[in-house]
Q: 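Please find one structure pasted underneath; my questions will follow.
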Amino acid sequence: MAQFSISRLHTSQGIFRLTGDQGCNDPVNPESVRIEVETIDVMGTDGWVALDVKASKTQQLLLQIDPEIVSHLLT
């Protein structure tokens, strides 16, 4: 697994900053990319706000934006 750091990702759910690990069996197949997010921050009205990666709502959010994260990492 390779580490990744995304300083600013615009998604359908907001603007996020993420760090984590990514693994890929087939670099041209987005469905083979596996990510594990270690930290996630959301852009709030007063700046970055850290989210609890282990919280169920954050896990649901990560499932929603997973395709956007993978797309960003593949480009």
Q: Applying side chain to side chain donor-acceptor pair (under 3.5 Å) as the test, list every pair that has at least one member in residues 2-11; sequence neighbours left out.
A: none
Q: Hey, does Leu73 have a side-chain heavy atom less than 4.5 Å from the side chain of Phe4?
A: yes
Q: If we only count heavy atoms from C-beta on, is the Leu9 to Leu18 side-chain gap below 4.5 Å?
A: yes
Q: Mind checking side-chain contact (heavy atoms from CB on, under 4.5 Å) for Val49 and listing every partner two or more places apart, or none if nothing turns up?
A: Val42
Q: Using the side chain to side chain donor-acceptor pair (under 3.5 Å) rule, collect all pairs that involve residues 36-46, keeping only residues at least two apart or in two chains.
A: Arg17-Asp41, Thr19-Thr39, Arg34-Glu36
Q: Which atom pairs, one a donor and one an acceptor, fall under 3.5 Å between side chains of residues 56-70 and the rest of the protein, sequence neighbours left out?
A:
residue	atom	partner	partner atom	Å
Thr58	OG1	Asp52	O	2.9
Gln59	NE2	Val53	O	2.5
Glu68	OE1	Ser12	OG	3.2
Glu68	OE2	Ser12	N	2.9

Q: Apart from Trp48 itself, what residues make up its hydrophobic cluster, given side-chain heavy atom links below 4.5 Å?
A: Ile15, Met43
